[in-house]
Amino acid sequence: MALNTCVHRKISILRCVTPRLKYIAFLALSLFTFNVYAFEKQLNLQEAIQWTLKQNPELKIFDFKQTALTGQEQTASLNPAYELEVEAENFAGSGEFNAFDSAELTVALSSVIEMGDKRSARIGLVSKSRALLNAEKEVSALNLMAQVTEKYVEVLAAQQRVILAENALSLAQETLEIVSQRNRAGATPEAEVKRSKAVIAQANLTLQSEQKRLEYLKLSLAAYWGENSVTFSEVQGDLFQFGNDSDFNSLFAKLEKNPAIQIYASEQRLKEAEIQLAKTESTANIKWSVGVRRSQEANDTALVAGFSLPLFAEKRNSGAIASALAERDQVAIEKEATKLRFRNHLLRAYSNRKQAILTANSLKQSVIPMLEDALEDTQDAYQKGRYGYLDYVSARQELLNARRTLIDAASAALIYGAEIEKLTNEALSL
């Protein structure tokens, strides 16, 4: 119902009711008008992506991970803690040690002097972890955008299938009218009338099925930004606009822009930071302590001090350094393996998209126009008695099948295009 029609009806009703009922009716009709207006809202792809990036829980997780890294950074920047040590000797024993007259009490303060710039290495490791987390968030966002785009195309195609089902029902009803006319003229048996009615029933079922599928796909799309109901009537877009592809080598050169490839650079820098931190552990820390010792027997007080230094720290840490170096080298190999896998995916998407576009263009420009002409000629010939019922039905079904194949090919071309955009991190040219 159009908005102006709703407003016109609202005014007409309000003229016939009491003031209180006017107020209630006004609220109810305003709500109804708003709901109708909201449901008639058309959704575009940009809005779907923006809502998803803003509200999808998968991306909100990264906010908590960033907060956790902030806490780790605070901990990493701390200097070694101080320790208070209290030690009592020569008390509560036997003989002359049975009381506290011969006791010795030591109170000392101790800590560690970090060697090898360990604090800076810890902070650097957290910083590189933050950069890797940002890269992972970008990868997740890109994957979500590709998923939303694919679902959006599915909704766009489902809308076309509903239109096709409505056209099929109209053709079936038109066929029944023509068959009924011939039946009344005695040129067609009653069996053909019944078959035509059965086709209408089947077309109705198909239409209902396509409508249900469209509602499901719209709800699936809305779920990406956390909606439990559909607040839009349809999605905007041209299912049969494919844009222009670059050649494969140009697309392959753009693979380096994919965050899933660039993430390895961030991971490699993280591994370098882990290597640096492991190397700092080869330089032993110095533990020191200083305090006061009190002797009850001599009634004297003296200062005490000491330090300790672990031996052979570099040798004992060589295994950790070797492990960190191996993990860094592994990242480089994984990057090359991922590029090879992405190249195969790109080649598949590129080839399938080319074939889908070729199929869609051929159907749209050549096959379907010829089938439409053939159906018109067959219908005319059937009405004049030159063709039989099966010829007429076959011509109609061939046209419907071709239109359905066109929708399938067009949606496949757009979905493969979305996959190419995800792999290259760049929109295809229009």
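Residue indices begin at 1 and follow the sequence shown.
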Can you tell me if Asn425 uses its side chain to pair, donor with acceptor, with the backbone of Lys257 under 3.5 Å?
-> yes
Considering residues, nucleotides and ligands other than Asp63, do more than 12 of their heavy atoms fall under 6.0 Å from its CG?
-> yes
Do other residues, nucleotides or ligands put more than 12 heavy atoms under 6.0 Å from the OH atom of Tyr216?
-> no
Pairing residues for Ser129 by the side chain to side chain donor-acceptor pair (under 3.5 Å) criterion, not counting sequence neighbours | none
When you check the gap from the basic side-chain N to the acidic O, do Glu47 and Lys41 get nearer than 4.0 Å?
-> yes
So with a 6.0 Å cut-off around CD of Gln66, is the heavy-atom count from everything else above 12?
-> yes
Ala76 to Val126 - nearest heavy-atom pair and separation | CB-CG2, 4.2 Å
Return all side-chain donor-acceptor pairs below 3.5 angstrom for residues 335-342, not counting sequence neighbours, or 'none' if the list is empty.
| from | atom 1 | to | atom 2 | distance (Å) |
| --- | --- | --- | --- | --- |
| Thr338 | OG1 | Tyr264 | OH | 2.6 |
| Thr338 | OG1 | Glu334 | O | 2.8 |
| Lys339 | NZ | Glu256 | OE2 | 2.6 |

Does the pair Asn401 and Gln397 meet the rule for a side-chain hydrogen bond (donor to acceptor under 3.5 Å, both in side chains), with working shown?
-> CA-CA 6 Å; Asn401 290 341; Gln397 193 60 44; 3.1 Å; yes
If you measure from the Lys or Arg side-chain nitrogens to the Asp or Glu carboxylate oxygens, is any gap between Lys212 and Glu215 under 4.0 Å?
-> no
Just by modelled atom types, is the Ser233 backbone N or O under 3.5 Å from a matching donor or acceptor in the Lys218 side chain?
-> yes
Would you call the rings of Tyr82 and Trp288 parallel, tilted or perpendicular, where under 30° means parallel and over 60° means perpendicular?
-> perpendicular
